[in-house]
2 protein chains.
Amino acid sequence: MSRIYELRLMTRVAQLYYANRLKQSEISTRLNISQATISRLLKRAEQEGIVRVTITPPRGTFPDLEQALRDRYGLTEVVVADCFQEAEDQILRAIGEAAGHYFESTIGDDEVIGLSSWSASLLAMVEAIHPLKRAKAKKVVQLLGGIGNPVVQSHATQLTTRLAALTGAEPMLLSAQGVAASAAAKLIMVGDAYVRATMEQFRHITVALVGIGALQPSLMLWNSGNSFSSDELHDLEARGAIGDVCLRFFDAAGRPVTGSLDERVIGMSLAELGKVPRVVGVAGGARKLDAIRGALLGRIVNVLITDKFTAARLTDQDIS
Amino acid sequence: MSRIYELRLMTRVAQLYYANRLKQSEISTRLNISQATISRLLKRAEQEGIVRVTITPPRGTFPDLEQALRDRYGLTEVVVADCFQEAEDQILRAIGEAAGHYFESTIGDDEVIGLSSWSASLLAMVEAIHPLKRAKAKKVVQLLGGIGNPVVQSHATQLTTRLAALTGAEPMLLSAQGVAASAAAKLIMVGDAYVRATMEQFRHITVALVGIGALQPSLMLWNSGNSFSSDELHDLEARGAIGDVCLRFFDAAGRPVTGSLDERVIGMSLAELGKVPRVVGVAGGARKLDAIRGALLGRIVNVLITDKFTAARLTDQDIS
DNA sequence: GCCTCATTTGAATATCTATTCTCTATTGTA
DNA sequence: TACAATAGAGAATAGATATTCAAATGAGGC
């Protein structure tokens with residue numbers, strides 16, 4: 001059969017199939033051609049470029065940025081949230097909402113959720129989550145003790161409790177300070193049966209929700225000599241630390257920066273986190289850019305929820 | 001779920017489905033969403049205009065013209081053949097080839113083919129047909145006796161024989177003049193057993209291949225007082241006849257123009273033709289434009305094979 | 001607050017589509 | 001001319017997708 005007529009036939013079949021929405025069998029009856037051949041013609045029509053499928057991203061979605069981030073950093077999934085202005089509070093709301101939606105629509109039954117509690121992003125996320133009707137998750141495990149004064153500490157456990165309530169899961173709290181006064185103090189706290197029980201769950205976690213912190217300036221400022229000694233922080237900084245997840249520090253390339261602090265932190269380690277199938281990092285904002293990049297490069301998270309500005313910067317694109 | 005996130009999800013699913021070519025079930029595993037929902041999201045993505053399918057007609061094919069003709073004249077199928085120049089011989093070759101392809105690819109098993117023999121278009125068509133390997137058609141029935149001198153007459157029956165050979169069908173010939181000298185002469189010819197047998201097949205025909213003739217100027221000139229009397233032709237013309245199919249005349253609107261001639265023509269009548277499920281008209285060229293339009297308006301044919309120039313004129317479009 | 005109606009969801013399944021398999025036929029090669 | 005390798009078509013069927021159904025949820029309306 002001559003080429004031109006084959007092309008015509010493909011076009012006609014494509015027209016009947018895609019424009020007129022006929023079944024292949026209807027086309028096959030109509031044109032006296034077997035259904036198998038119709039199927040093959042349609043496939044060839046695609047190969048020939050006669051049929052093309054175009055995906056037009058609706059305003060406010062950024063599949064190209066997401067794709068670029070997945071490709072560049074080997075991430076499983078990325079959600080880029082739209083955000084009108086690049087102001088901290090706006091970004092926080094945007095990524096919180098996005099993370100909430102992501103969480104709601106991807107949480108499966110019987111999941112064991114890990115939550116690295118003290119993070120404005122995660123707080124925003126949990127606030128965005130609607131109560132799930134049917135109990136879905138099994139457990140919500142607090143990944144890190146509370147930080148700073150007791151009020152903030154309780155905040156941390158509340159977040160865990162809240163998420164547990166929303167998902168109908170059992171909360172597993174880490175009723176301890178995130179940073180013990182000393183390695184010895186940590187040992188004592190870890191001796192607590194409840195703390196042990198929670199930490200025992202770490203290895204059963206199926207999805208971890210974590211914030212990503214920047215060392216400079218926030219942690220430095222915020223700390224103001226409470227949990228961390230200036231020496232420790234400066235030491236971390238001197239050794240290249242740029243950010244943290246669960247108070248476990250890493251440098252710009254994502255390599256762990258260990259230190260005496262690790263002996264005092266009560267919470268999940270990076271090694272343990274590495275064994276969790278799905279680690280969702282929720283973070284955005286220019287201030288955290290390098291920390292986020294580090295977490296991505298170090299494969300500390302494999303899902304990222306961020307804002308469009310940060311996403312653009314992470315892919316070296318112009319910000320639009 | 002907020003609208004923007006729904007749209008994002010549709011986009012993402014569409015991307016995985018169309019760009020990454022994942023199965024719906026793979027997507028459903030990956031995103032923790034049921035396959036049913038993936039299917040629904042894809043459907044909605046189309047409705048939302050996120051996914052669009054574009055059909056790009058290859059050069060030399062004219063789906064838009066074909067569509068316009070189908071719509072305008074209520075045709076079942078139309079093939080518009082490409083044609084470089086608007087010269088009779090070129091047009092003839094183009095539509096002949098197109099008709100041949102159309103025939104080859106749509107002829108089914110057990111079809112009874114009717115062939116209105118004396119037509120340059122049909123000749124070109126039959127010449128373009130490759131011998132079918134497996135016998136397909138059951139019978140090829142000559143729809144009209146031969147015209148003019150015996151050489152031309154035999155031409156007509158040869159065409160039938162040839163098509164029959166190509167399709168492995170049994171030829172049913174009308175070994176008679178297309179136009180008898182008188183009504184009485186017709187009666188005599190129709191008395192012949194073979195002629196009767198062939199005409200008996202008329203009502204079993206599943207597909208009729210017919211040319212479309214123009215009264216002016218061709219028939220008038222061509223005749224030169226052979227089969228038709230000038231009176232008859234002028235009478236037909238006076239009564240609005242503009243063209244014919246199987247020597248059955250019709251006016252510009254496709255209404256039959258009957259006359260004494262009908263009593264003498266040995267061949268299928270328009271009424272009989274109207275009962276054939278698929279009547280394929282093969283014709284093109286400026287000269288025949290009005291005749292073709294008449295045949296279309298009168299629903300005398302329901303499939304048209306023509307050239308792009310004629311197609312454009314039939315749809316009142318500019319010729320390109 | 002409680003009920004009704006319209007939606008939404010996933011499991012089961014009906015339907016549609018792609019692929020395999022086999023047969024036929026064709027093309028290039030000796 | 002005959003032969004092997006190649007290509008193409010449809011029938012059967014494996015596989016994928018759409019739809020149905022039942023259950024559950026949410027949004028008004030009283």
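Chain naming here is simple, since letters A, B, ... match the order of the sequence lines and numbering starts at 1 in each. Keep in mind that this is a model prediction, so the values were computed, not measured. Values below: every heavy atom of this structure, side chains too, minus hydrogens, waters and symmetry copies.
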Whole Å only: how far is the [atom1] atom of [X] from the [atom2] atom of [N]?
X: Glu46(A); N: dA18(C); atom1: CD; atom2: C1'; answer: 13 Å
X: Leu22(B); N: dG15(D); atom1: CG; atom2: P; answer: 18 Å
X: Leu31(B); N: dT9(C); atom1: CG; atom2: P; answer: 14 Å
X: Arg44(B); N: dA18(D); atom1: CZ; atom2: C1'; answer: 16 Å
X: Glu104(B); N: dG8(D); atom1: CD; atom2: P; answer: 15 Å
X: Arg21(A); N: dT19(D); atom1: CZ; atom2: P; answer: 11 Å
X: Ile38(A); N: dT19(C); atom1: CD1; atom2: P; answer: 16 Å
X: Ile33(B); N: dT9(C); atom1: CD1; atom2: C1'; answer: 12 Å

Whether [X] contacts [N] is assessed here as follows: a side-chain N or O lying under 4.0 Å from the phosphate OP1 or OP2. Is that the case?
X: Lys23(A); N: dA18(D); answer: no
X: Gln24(A); N: dA18(C); answer: yes
X: Lys43(A); N: dT17(C); answer: no
X: Ser39(B); N: dT19(D); answer: no
X: Tyr17(B); N: dA16(D); answer: no

Backbone of Thr157(A) reached by a side-chain donor or acceptor of Thr161(A) within 3.5 Å: yes
Counting distance alone, no hydrogens or angles: does the base of dA18(D) have a donor or acceptor under 3.5 Å from a partner atom on the side chain of Gln35(B)? yes
To the nearest 0.5 Å, tell me how far Met268(B) CE sits from Phe202(B) CZ.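 The CE atom of Met268(B) sits 6.0 Å away from the CZ atom of Phe202(B).
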Arg12(A) and Thr61(B): side chain donor to acceptor below 3.5 Å: no
Above 12 or not: heavy atoms from other molecules or residues under 6.0 Å from CZ of Arg70(A)?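 Enclosed: over 12 neighbouring heavy atoms sit under 6.0 Å from CZ of Arg70(A).
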From the options Thr106(A), Thr76(A), Thr206(A), Asn302(A), select the one residue that forms a side chain to side chain donor-acceptor pair (under 3.5 Å) with Arg278(A). Thr106(A)
